[in-house]
Every structure is written in C-alpha cells, then in structure tokens.
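This one's a predicted model, so the numbers in the text were calculated from it and none came from an experiment. Because only heavy atoms are used, hydrogens play no part in the values below, and waters and symmetry mates are left out as well, while side chains stay in.
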Amino acid sequence: MNTKEKIYNTAKRLYLENGFEATPNTMIAKEAGVNLGLVTYYYKTKDIIASDMLNQNYDTLYRHLYNYLPVYDDMLMLVAFHRLHIHLTEIDPDYDRFIYEMNKQDLIEKATKDGNLVDIFARLVNSNDHISQKKELFLDIALSIYFGGYRALTMNQFEKTLHISKDELFQLCMHTMMASLELDYESPSFRSVMRTAEAIVYKLLNEHPDLKRTASYLYI
C-alpha cells in the first residue's frame, strides 16, 4: 500500500468511526503514520474522500439490489434503494451519523449525480409524457426539489427536531420524490412498488447480513 492509499483508507475508517467533523487531518496523519502535509498534498479537501465513500456505498447497494429485482424496473430500483439505504441508517448508528454529516456538507446530491441513480431519475422523467417543459430542465428542477426535501427531512430526523421514525422518514422521502417527478404517490401501482421494494430489502438483508455492517465495505 502506497502513502496515498494509506491516507485514503485511514481517513475512511476514521470518518465512519469518529465522525467526519470530528476527524481533522492531524488525526488522519497520525493514524496513517505520515506527515501532515502529505494529507493535504494528496487530498485538497476532506470532501474528496467522503464523496468517494458515498459513491462506493451507493454502488455496493445498487449492485446487490439489482440481483434481487424480479424484473428490472427503474421505479422499483429507486424505491428499493432508498428503502435499503434508510433502513441501514436505522441499523448502524455510525452510518446514520455519516449520512447526516454528508447531508450537512450537501454531498448527497453530488454523489447521486455521479452514480447510477441519476440515470434512473432521467429515464423516469423522459418516459413521463405529461411533462410539458424541456425534460433536461425538468430533471434538474426535480432533483433540486427532491434532494432539498430529503436533506431537510433526514437532518431534522437525526437531530430529533422532527419526531418521526425511520419508516416514516422513508414514506415522507418517497412522497417528496414522487411529487418532484409529478407522479402519483397514492396510485395503486406505486403502492405495489412500495410493497415489493420492502420485500426485496427484507430478503436481501436476510441473505446478505454482511450489508448491515457498513464498515465492512465502506473501509475497503
């Protein structure tokens, strides 16, 4: 392992164990056994490593879910992903804190746009014939509305200024997502998707309990 990799892996472990905000570069340098200047030389900002952690996590969850969909469907994948992600924040307090801090840094939307999920949002927009304005512009607006709402809801739930459970948080996030896409949250077809997504996540975590230990793949 070279110096850059050592810094990178040490920072990822400390961000999850101690918290992003509670992990200064001095701590990373000490734990990695390197000079402090090398940390900022290889990584100009802490956001670079944190964003990579998010993308790596999203990719891991996406790949697992893909194998559990009975037939690939964009909406089902999107709902199942969110259900799994929010469920993991309930299971793992370190992961919950990490996601909270990533929301504070406003990195969640960036990570989504850098990965597979933004393509799903785009396909859902492009397939909606009821959208009258330019699809590309609509997508940008929809993502801004959704992630603005998601960020506020998840942060307030974590800070306990919004007294709701993780299940209720998931429901509210899905309601916000559907509203941003101008789709009907109450439609029978979407309610069916929600039930199917719940079953998929339950089966996935039963057969792959290692996913509940987010440190096992976020450190790598």
Side-chain angles (χ1 to χ4, degrees), residues 51 54-90 96 99-100 102-158 162 164-204:
S51 292
L54 282 172
N55 289 329
Q56 179 182 325
N57 176 51
Y58 285 3
D59 183 61
T60 299
L61 301 185
Y62 183 95
R63 283 187 287 106
H64 276 82
L65 282 170
Y66 185 87
N67 294 324
Y68 276 75
L69 266 61
V71 177
Y72 185 82
D73 177 82
D74 281 327
M75 182 60 79
L76 179 57
M77 171 60 87
L78 198 56
V79 175
F81 176 88
H82 281 85
R83 189 68 193 94
L84 176 58
H85 166 69
I86 290 177
H87 190 52
L88 289 175
T89 64
E90 184 174 24
D96 194 20
I99 294 301
Y100 166 72
M102 293 304 93
N103 271 309
K104 286 183 71 175
Q105 300 297 321
D106 208 9
L107 293 177
I108 300 291
E109 183 175 354
K110 179 183 182 301
T112 300
K113 288 182 175 179
D114 289 341
N116 295 317
L117 295 181
V118 71
D119 295 330
I120 298 178
F121 276 103
R123 288 194 294 269
L124 289 172
V125 167
N126 288 332
S127 64
N128 188 346
D129 295 331
H130 298 294
I131 298 172
S132 57
Q133 65 190 113
K134 187 177 179 182
K135 296 292 181 72
E136 186 176 344
L137 174 61
F138 181 91
L139 175 63
D140 287 340
I141 294 171
L143 289 174
S144 295
I145 292 171
Y146 171 60
F147 283 105
Y150 168 84
R151 183 170 184 259
L153 288 167
T154 53
M155 287 183 66
N156 289 337
Q157 195 273 339
F158 183 89
L162 185 63
I164 57 173
S165 67
K166 290 292 187 181
D167 285 343
E168 290 169 323
L169 172 64
F170 169 66
Q171 298 284 340
L172 286 171
C173 285
M174 291 300 91
H175 204 292
T176 303
M177 182 187 77
M178 292 296 281
S180 72
L181 294 170
E182 294 189 2
L183 296 171
D184 185 7
Y185 175 83
E186 299 295 345
S187 70
S189 61
F190 185 68
R191 304 311 294 177
S192 176
V193 166
M194 293 276 278
R195 289 191 296 272
T196 304
E198 191 77 38
I200 287 171
V201 170
Y202 179 80
K203 183 178 181 182
L204 171 61

About how many Å separate CG of Asn128 and CZ of Phe138, when rounded to the nearest 0.5 Å?
-> 6.5 Å
Ser192 side-chain N/O to Pro188 backbone N/O, donor-acceptor pair under 3.5 Å | no
Beyond-backbone contact of Leu169 with Glu90, side-chain heavy atoms, under 4.5 angstrom | no
Do any pairs count as a salt bridge (charged side-chain N to carboxylate O under 4.0 Å, His left out) and have a residue in residues 130-151, sequence neighbours left out, and if so which ones?
-> Asp106-Arg151
Of all heavy-atom pairs between Ile86 and Phe170, which one has the smallest distance, and what is that distance?
-> CD1-CA, 3.7 Å
Residues at least two apart in sequence or cross-chain that pass ring-ring contact (aromatic ring centres under 6.0 Å, His included) with His87, listed by chain then number, are none
side-chain contact (heavy atoms from CB on, under 4.5 Å) partners of Phe81, counting only residues at least two apart = Tyr58, Leu61, Leu65, His85, Leu117
Interatomic distance, CG@Leu153 vs CE@Met155, rounded to 0.5 Å, equals 11.5 Å
Below 3.5 Å, can you tabulate the donor-acceptor pairs from side chains in residues 172-180 to any protein atom, sequence neighbours excluded?
residue : atom : partner : partner atom : Å
Thr176  : OG1  : Leu172  : O            : 2.9
Ser180  : OG   : Met177  : O            : 2.7

dist Ile99:CD1 -> Leu88:CG (nearest 0.5 Å) comes out at 9.5 Å
Straight-line distance of Phe158 CZ to Asp96 CG, nearest 0.5 Å = 5.5 Å
Pairing residues for Glu168 by the side-chain contact (heavy atoms from CB on, under 4.5 Å) criterion, not counting sequence neighbours | Ile164, Ser165
Just wondering, do Val201 and Tyr68 contact through their side chains at under 4.5 Å, heavy atoms?
-> no
Looking at residues at least two apart in the chain, or sitting in another chain, which of them share a salt bridge (Lys or Arg N to Asp or Glu O under 4.0 Å) with Asp167?
-> Arg83
For the residue pair Tyr185 and Phe190, does the interplanar ring angle fall in the parallel (under 30°), tilted (30 to 60°) or perpendicular (over 60°) class?
-> tilted
Please identify each residue that fulfils side chain to side chain donor-acceptor pair (under 3.5 Å) with Tyr66, with sequence neighbours left out.
-> none
Evaluate side-chain contact (heavy atoms from CB on, under 4.5 Å) for Tyr100 paired with Gln157, printing each intermediate quantity in order.
-> CA-CA 9 Å; Tyr100 166 72; Gln157 195 273 339; over 6 Å; no
Salt bridge (Lys or Arg N to Asp or Glu O under 4.0 Å) filter on Asp59, not counting sequence neighbours, yields Arg63
Residue set satisfying salt bridge (Lys or Arg N to Asp or Glu O under 4.0 Å) with Arg191, at least two apart, ordered chain then number -> none
Sorted by chain and residue number, the side-chain contact (heavy atoms from CB on, under 4.5 Å) partners of Pro70 (sequence neighbours excluded) come out as Leu76, Ile200
Sequence neighbours excluded, which residues qualify as side-chain contact (heavy atoms from CB on, under 4.5 Å) partners of Ser144?
-> Glu109
Rounded to the nearest 0.5 angstrom, the CG-CG distance for Leu139 and Asn126 is 7.5 Å
Of all residues at least two apart in sequence or in a different chain, which pass the salt bridge (Lys or Arg N to Asp or Glu O under 4.0 Å) check with Arg123?
-> Asp74
